[in-house]
K.L.:
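Just dropping this structure here.
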Amino acid sequence: QVELVESGGGSVQAGGSLRLSCSANGAVTTLCLGWFRQAPGKEREGIASIYHDDGSTYYLDSVKGRFTISQDNAKNSLYLQMSSLTPEDSAMYYCAAYVPSYGVKGRYCLLAEYIVNYWGQGTLVNVSS
């Protein structure tokens with residue numbers, strides 16, 4: 001069992017930055033940890049993930065170069081540093097943990113809602129123009 005608790009959401013003006021945190025309690029060593037978001041009227045989408053064991057990272061194209069996912073293994077914490085925020089980034093952001101997928105190049109963290117095993121309760125990010 002894994003428990004995930006997010007923090008750090010809030011309101012920010014366009015162009016600003018926010019850092020989200022997720023405290024992960026439980027057996028996460030061999031799991032992917034990720035950030036998903038859901039805007040009103042839209043489906044939940046995966047935006048960034050990290051394979052806990054080796055730190056490999058994966059990003060949705062629309063956030064590459066603006067968002068950075070990281071982890072602190074000693075603190076069992078996951079972070080999402082967001083910069084150059086736009087109103088389109090406004091959403092509920094969720095921390096997630098799930099089993100990695102396997103392909104011809106080996107193990108990777110797919111950014112897909114359907115494979116998530118554990119969800120946090122979410123933290124709201126609002127970006128005003």
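Every heavy atom of this structure was used, including side-chain atoms; hydrogens, water molecules and symmetry mates were not.
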K.L.:
Under 4.5 Å between side-chain heavy atoms, counting indirect links through other Ile/Leu/Val/Met/Phe/Trp/Tyr residues: same cluster for Leu110 and Leu60 or not?
P.N.:
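In one cluster with Leu110: Leu60, no.
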K.L.:
Quick check for you: to the nearest 0.5 Å, what is the distance between Ser84 atom OG and Asp89 atom CG?
P.N.:
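Answer for the OG-CG pair, Ser84 versus Asp89, is 9.5 Å.
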K.L.:
Quick one: does Ser83's side chain get under 4.5 Å of Phe67's, heavy atoms only?
P.N.:
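No, too far: nothing below the 4.5 Å cut-off.
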K.L.:
Less than 4.5 Å apart, side chain to side chain, heavy atoms only: is that true for Glu45 and Glu113?
P.N.:
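Counting from C-beta outward, Glu45 and Glu113 never come under 4.5 Å.
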K.L.:
State, to 0.1 Å, how close Leu31 and Pro100 come at their nearest heavy-atom pair, and which atoms those are.
P.N.:
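Where Leu31 meets Pro100 most closely, the heavy atoms are CA-CD, 4.3 Å.
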K.L.:
Does any part of the side chain of Tyr59, heavy atoms only, come nearer than 4.5 Å to the side chain of Ile47, both counted from C-beta?
P.N.:
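They are not in side-chain contact.
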K.L.:
Within the structure provided, determine whether Gln81 and Ser17 are in side-chain contact (heavy-atom separation under 4.5 Å).
P.N.:
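Contact flag for Gln81/Ser17 side chains = yes.
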K.L.:
For Tyr94 and Arg37, which I'm curious about, is there any donor-acceptor pair between the side chains at under 3.5 Å?
P.N.:
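No - no donor-acceptor pair under 3.5 Å links their side chains.
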K.L.:
Evaluate the criterion side chain to side chain contact (heavy atoms under 4.5 Å, CB included) for residue pair Cys22 and Leu33; output intermediate values, then yes/no.
P.N.:
CA-CA 10 Å; Cys22 173; Leu33 298 176; over 6 Å; no
K.L.:
Mind running side chain to side chain contact (heavy atoms under 4.5 Å, CB included) on Gln71 and His52 for me, showing each step along the way?
P.N.:
CA-CA 8 Å; Gln71 63 184 359; His52 189 273; 3.2 Å; yes
K.L.:
Ion pair present between Asp54 and Arg107, side-chain N to carboxylate O less than 4.0 angstrom?
P.N.:
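Salt bridge between Asp54 and Arg107, a charged N being under 4.0 Å from a carboxylate O: no.
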K.L.:
Do you know the tightest heavy-atom contact between Leu18 and Val125?
P.N.:
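So the two residues come closest at CD1-CG1, 3.8 Å.
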K.L.:
Would you name the heavy atoms of Ala39 and Ala91 that are closest together and state the gap between them?
P.N.:
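Looks like N-CB, 3.7 Å.
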K.L.:
State yes or no: do Tyr51 and Val2 share one hydrophobic cluster built from I, L, V, M, F, W and Y residues joined by side-chain heavy-atom distances below 4.5 Å, directly or via other members?
P.N.:
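The answer is no; the residues belong to distinct hydrophobic clusters.
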K.L.:
Taking Val5's backbone N and O only, do any of them form a donor-acceptor pair with Gln121's side chain (distance below 3.5 Å, no angle check)?
P.N.:
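Judged by distance alone, no pair lies under 3.5 Å.
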K.L.:
Just so I know, are the side chains of Leu80 and Arg19 near enough to count as touching, which here means a heavy-atom distance under 4.5 Å?
P.N.:
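Not in contact.
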K.L.:
Rounded to the nearest 0.5 Å, what's the gap from CG on Asn73 to CG on Asp53? Could you check?
P.N.:
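Asn73 CG to Asp53 CG: 9.0 Å, rounded to 0.5 Å.
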K.L.:
For the residue pair Ala24 and Leu4, what are the closest heavy atoms and their distance?
P.N.:
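Closest approach of Ala24 to Leu4: CB-CD2, 3.7 Å.
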K.L.:
Among the clusters formed by ILVMFWY side chains lying less than 4.5 Å apart, do Tyr114 and Leu111 turn up in the same one?
P.N.:
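Per the 4.5 Å side-chain linkage, Tyr114 and Leu111 are co-clustered.
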K.L.:
With rounding to the nearest 0.5 angstrom, report the CD1 to SG distance, Ile50 to Cys109.
P.N.:
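The SG atom of Cys109 is 8.5 Å from CD1 of Ile50, to the nearest 0.5 Å.
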K.L.:
Is there a donor-acceptor pair closer than 3.5 Å between any side-chain N or O of Ser21 and the backbone N or O of Ser7?
P.N.:
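Between the backbone of Ser7 and the side chain of Ser21 there is no qualifying donor-acceptor contact (under 3.5 Å).
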K.L.:
For the atom pair CD (Glu6) and OG (Ser23), what is the distance rounded to the nearest 0.5 Å?
P.N.:
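Nearest 0.5 Å value for the CD-OG distance: 10.0 Å.
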K.L.:
Compare every heavy atom of Leu85 with every heavy atom of Arg66, then report the nearest pair and how far apart it is.
P.N.:
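Minimum heavy-atom contact is NH1-CA, 4.0 Å.
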K.L.:
Could you report the tightest heavy-atom contact between Gly122 and Met92, atom names first, then the distance?
P.N.:
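Here Gly122 and Met92 meet closest at C-SD, 3.7 Å.
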K.L.:
As a quick check of understanding, evaluate side chain to side chain contact (heavy atoms under 4.5 Å, CB included) for Leu78 and Val28, giving each step before the final call.
P.N.:
CA-CA 11 Å; Leu78 179 73; Val28 300; over 6 Å; no
K.L.:
Side-chain contact test, heavy atoms from C-beta onward, threshold under 4.5 Å: evaluate it for Asn117 versus Val99 and give yes or no.
P.N.:
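Of all side-chain heavy-atom pairs linking Val99 with Asn117, at least one is under 4.5 Å.
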K.L.:
Where the side chain of Thr123 meets the backbone of Gly9, is there a donor-acceptor pair that is under 3.5 Å apart?
P.N.:
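Side chain of Thr123 to backbone of Gly9, a donor-acceptor pair under 3.5 Å: yes, one is there.
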K.L.:
With a 4.5 Å heavy-atom cut-off, do Tyr118 and Gln1 have their side chains touching?
P.N.:
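Side chain of Tyr118 against side chain of Gln1, heavy atoms only: contact under 4.5 Å found.
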K.L.:
Determine, step by step, whether Ser49 and Tyr98 satisfy the side chain to side chain contact (heavy atoms under 4.5 Å, CB included) criterion, reporting the C-alpha distance in whole Å, the side-chain angles of both residues, the deciding distance to 0.1 Å, and the verdict.
P.N.:
CA-CA 10 Å; Ser49 63; Tyr98 51 100; 3.3 Å; yes
K.L.:
May I ask you to decide if Thr68's main-chain N or O and Tyr79's side chain share a donor-acceptor pair within less than 3.5 Å?
P.N.:
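Flag not set: sc Tyr79 to bb Thr68 has no pair under 3.5 Å.
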K.L.:
Please say yes or no: joined through hydrophobic side-chain contacts below 4.5 Å, possibly via intermediate residues, are Tyr93 and Ile69 part of one cluster?
P.N.:
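Shared cluster, yes.
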K.L.:
Can you confirm if the aromatic rings of Trp119 and Phe36 lie within a centre distance of less than 6.0 Å?
P.N.:
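Between Phe36 and Trp119, the centre distance is under 6.0 Å.
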